[in-house]
There are 2 protein chains.
Amino acid sequence: MTDTDPSERTFPAGIAARLRREILTGELPPGSPLKERDHALRLGVSRTPLREAVRMLGQEGLVTLRPLRSPIVADPSLAEVLDEIAVLRQLELFSGGLACVNASDAEIGTIAQMVDRIAEQHATGDKLDVFDLDMRMHRAIADAAHNAALSRTYGEYLARLWRIRFLSARERADAPRVLADHRDMVAALRDRDPDRMMAAIGSHLDGLVRNVTRHFQRREEGPDQP
Amino acid sequence: MTDTDPSERTFPAGIAARLRREILTGELPPGSPLKERDHALRLGVSRTPLREAVRMLGQEGLVTLRPLRSPIVADPSLAEVLDEIAVLRQLELFSGGLACVNASDAEIGTIAQMVDRIAEQHATGDKLDVFDLDMRMHRAIADAAHNAALSRTYGEYLARLWRIRFLSARERADAPRVLADHRDMVAALRDRDPDRMMAAIGSHLDGLVRNVTRHFQRREEGPDQP
DNA sequence: GCCGCACGGATGGTATACCATTCTGGCGGG
DNA sequence: CCCGCCAGAATGGTATACCATCCGTGCGGC
């Protein structure tokens, strides 16, 4: 179903996935222009599907579209990111509360397994793998709320914040708290306890805000490097 | 250029606006296919910009995109609409609370004027005008929260729910409550009272849920009409 | 008489050619 | 020496031709 294989799959969305990855990993740094002809040639497709892919990324907020100008990789300010996190918080609190009511036992079991795997791999595994698994876990919680619109919008925000979350994750020395939050979430789901769920989510996002703020501060101090 | 174009200018978004209007007014009823060649010819543009416009409407949820098939005008179920309203409620509660803190006095004044005009025109004016003004007023409240991401996402949900809100608005004999909700919102903004604000918003959306549910029930009973 | 299959039209997807606007570099006047 | 302007290149926007896939229809076999 989900082609996490970004290599060569369906064109319009596949191209978008490939560009997305290049943006999120920093191969395409913020501010760099996405010239249609160049990238179309590079990726071996025509301008038409590439154009559509760029529009998708624009919708996701990863690139900034400008009329009659080259689209550029977005470079959001701290204030913009904090605004997005504030919305993400509302969506996640809502979905967490709903999930405590609507999630099936099987879904909770799946989420619990994900949490375990995250805890296991946190010491050993590849950072990026753990990060991806973490994101899928959060998405699974949103899905367990059984509200398609909510799940979709929440997913959009997660995607939009992917890069900054990844960058700021380097800073964190707070792995114990993160893992404790995860355990709390699973326990709250099992107990069908929305209050505890929301508390854990709140703690989780407070940590994210701290990390992101610190990340921007450090970037401010050490100004320039590509 | 050649074609009649009184209202909209820029092509890609302009075409989308035109199609959107045709969908929302019912000229393009739910389920009808949006064949690229036909509508491109009809609107006097090429397939390329029309295609992009259709993608925009797909993103908005007004049309359903199917791979290798004609896109069709979306026809959401009651459950889907209620899910979307649930998300809209969270976004609106959040923006209402924020607006009580962040709104400038000037913004509150503008919103108050809009509320007054809605109340005036409710008896006399054109239904569609009042409806449009109502939507702009709610959007103004969201803007007064001073969170760009929230404003954008809230706007998307308002747009997505435009048609069903309009259709179900016919049912309502609850104009007094709606207007009272509006007055409550303005009072809450002036008093910087988030609790009262959220209560008014809750009442407002409860009414919407009732109207929408009733609308679907009646549609169920009297099955067919184009 | 019914089911299956092949063929042709319809339709979305892609590639490419063309147009309009904008950016850039250099030249000339102040 | 600097500012402004003008031509040409670069680049996004649009139109169109071509291709792949799907769908309906009718013919033929069972």
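Atoms considered below: every heavy atom in the structure, side chains included; atoms not considered: hydrogens, waters and symmetry mates. Protein chains get the first letters and strands the later ones, always in sequence-line order, with residue 1 at the start of each.
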To the nearest Å, give me how far apart [atom1] ([X]) and [atom2] ([N]) are.
X: Phe11(B); N: dG12(D); atom1: CZ; atom2: C1'; value: 15 Å
X: Ile72(A); N: dG12(D); atom1: CD1; atom2: P; value: 12 Å
X: Leu50(A); N: dG13(D); atom1: CG; atom2: P; value: 12 Å
X: Arg51(B); N: dA15(C); atom1: CZ; atom2: P; value: 11 Å

Worksheet item: With a non-hydrogen cut-off below 4.0 angstrom, is Ser70(A) in contact with a base, only sugar-phosphate, or nothing?
Response: sugar-phosphate
Discussion item. Using a 4.0 Å heavy-atom cut-off, does Arg47(A) contact any base of the nucleic acid, only the sugar-phosphate backbone, or nothing at all?
Written reply: base
Worksheet item: Arg55(A) side chain N/O closer than 4.0 Å to the phosphate oxygens (OP1, OP2) of dG13(D)?
Response: yes
Item to complete: Identify, residue by residue, the members of residues 33-45 of chain A with a heavy atom below 4.0 Å from DNA chain D, and return them in order of residue number, or none.
Response: Leu34(A), Lys35(A), Glu36(A), Arg37(A)
Discussion item. Applying side chain to side chain donor-acceptor pair (under 3.5 Å), can you list everything that pairs with Thr153(A), at least two apart in sequence or on another chain?
Written reply: Tyr157(B)
Practice prompt. Indicate the ring-plane relationship of Phe166(B) and Phe131(B), choosing parallel, tilted or perpendicular according to the 30° and 60° boundaries.
Written response: perpendicular
Worksheet entry | From dT14(C), dG13(D), dA15(D), nucleotide with atom closest to Ser46(B) side chain | dA15(D)
Worksheet item: Between dT22(C), dT14(D), dG12(C), which one does the side chain of Leu68(A) approach most closely?
Response: dT22(C)
Practice prompt. With sequence neighbours left out, write down each residue that passes salt bridge (charged side-chain N to carboxylate O under 4.0 Å, His left out) with Glu107(B), or none if nothing qualifies.
Written response: none
Discussion item. I'd like to know if the side chain of Ser151(A) and the backbone of Asn147(A) have a donor-acceptor N/O pair within less than 3.5 Å.
Written reply: no
Worksheet item: Does Leu41(A) offer a backbone N or O that forms a donor-acceptor pair with the side chain of Arg37(A) under 3.5 Å?
Response: no
Fill in: Salt bridge Arg163(A)-Asp75(A), side-chain N to carboxylate O under 4.0 Å
no
Worksheet entry | Arg69(A) or Glu52(A), whichever maps to the more 5' nucleotide of DNA chain C | Glu52(A)
